[in-house]
Amino acid sequence: MTSPHGDELRAAVAARHDLGPDFEDSIIESFLDKMGKEVDRRVDERMAADAGLAKRELRQQQSVAGMRLSLAIVSIVMGTIATVALTVGESGLLTYMVVWGGVFLVNLAFTFGSPRR
């Protein structure tokens with residue numbers, strides 16, 4: 001099985017043989033130009049694939065960051081509301097510990113339950 005590049009090289013050698021040494025520089029230049037374009041095409045494909053992967057990773061990181069921020073805001077708001085409500089109702093220290101312990105455990109579960117990279 002022959003590669004397309006081998007075919008290009010064979011065609012360039014055959015053209016040089018048919019046309020003679022007067023056209024050698026033009027034939028070599030044409031061959032190198034085709035190979036350069038093929039290398040550029042492959043590099044562009046790889047860069048596009050890498051860029052797509054980078055964008056997906058960035059979106060995932062932003063999503064996790066958004067979830068962390070949301071959880072932090074909700075935790076503080078709910079804990080504050082519960083603390084104020086317990087203070088008005090004159091609840092004991094154990095009730096405060098249960099409320100804030102619950103907030104802590106939810107945050108802990110989120111932190112260690114999240115997938116890591």
Side-chain angles (χ1 to χ4, degrees):
M1 177 178 250
T2 62
S3 73
H5 309 301
D7 292 343
E8 289 286 337
L9 181 57
R10 282 184 198 81
V13 170
R16 195 290 187 186
H17 180 67
D18 291 343
L19 297 173
D22 295 338
F23 292 96
E24 186 171 309
D25 289 341
S26 298
I27 293 168
I28 292 172
E29 187 177 321
S30 173
F31 175 75
L32 292 176
D33 185 50
K34 288 177 186 177
M35 292 301 104
K37 287 179 181 177
E38 177 64 18
V39 168
D40 290 345
R41 184 189 66 78
R42 289 183 181 190
V43 168
D44 290 344
E45 282 179 0
R46 287 189 183 133
M47 288 178 65
D50 290 346
L53 179 61
K55 284 180 184 178
R56 284 191 299 276
E57 288 177 352
L58 179 60
R59 279 194 299 267
Q60 183 180 16
Q61 290 172 355
Q62 289 172 336
S63 176
V64 170
M67 288 189 296
R68 289 182 189 277
L69 178 62
S70 299
L71 180 62
I73 292 170
V74 168
S75 295
I76 290 173
V77 168
M78 295 304 289
T80 302
I81 290 172
T83 300
V84 170
L86 293 172
T87 302
V88 170
E90 298 182 15
S91 295
L93 179 63
L94 180 62
T95 308
Y96 288 110
M97 290 173 55
V98 168
V99 168
W100 282 104
V103 169
F104 173 76
L105 289 176
V106 167
N107 282 275
L108 191 68
F110 178 81
T111 299
F112 290 108
S114 297
R116 299 272 181 207
R117 286 218 159 253

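Since we're looking at a predicted model, the values are computed, not measured.
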Can you list everything that forms a salt bridge (charged side-chain N to carboxylate O under 4.0 Å, His left out) with Asp40? Sequence neighbours excluded, please. none
Qualifying residues under salt bridge (charged side-chain N to carboxylate O under 4.0 Å, His left out), relative to Lys37, sequence neighbours excluded: Asp33
Taking distance alone, no hydrogens or angles, what donor-acceptor pairs closer than 3.5 Å link side-chain atoms of residues 43-51 to residues at least two apart or in another chain?
unit_1, atom_1, unit_2, atom_2, d
Glu45, OE2, Arg41, NH1, 2.4

With sequence neighbours left out, the residues meeting side-chain contact (heavy atoms from CB on, under 4.5 Å) with Leu69 are Ile73
Under the side-chain contact (heavy atoms from CB on, under 4.5 Å) test, residues paired with Ala12 that sit two or more places apart: Ile27, Phe31
Tell me if a side-chain donor or acceptor on Ser70 pairs with a main-chain N or O of Gly66 at a distance below 3.5 Å. yes
Determine whether Lys34 and Glu38 satisfy the following criterion, salt bridge (Lys or Arg N to Asp or Glu O under 4.0 Å), listing intermediate values before the conclusion. CA-CA 6 Å; Lys34 288 177 186 177; Glu38 177 64 18; over 6 Å; no
Would you tabulate the side-chain donor-acceptor contacts of residues 100-108 under 3.5 Å, counting partners in other chains and residues two or more places apart, or write 'none'?
unit_1, atom_1, unit_2, atom_2, d
Trp100, NE1, Thr83, OG1, 2.8
Asn107, ND2, Ser75, OG, 2.9
Asn107, ND2, Val103, O, 2.7

Do Leu71 and Met67 sit in one hydrophobic cluster, given that two such residues count as connected whenever their side-chain heavy atoms are within less than 4.5 Å of each other, even indirectly? yes
Run the side-chain contact (heavy atoms from CB on, under 4.5 Å) check on Val99 and Met78 step by step: do they pass? CA-CA 9 Å; Val99 168; Met78 295 304 289; over 6 Å; no
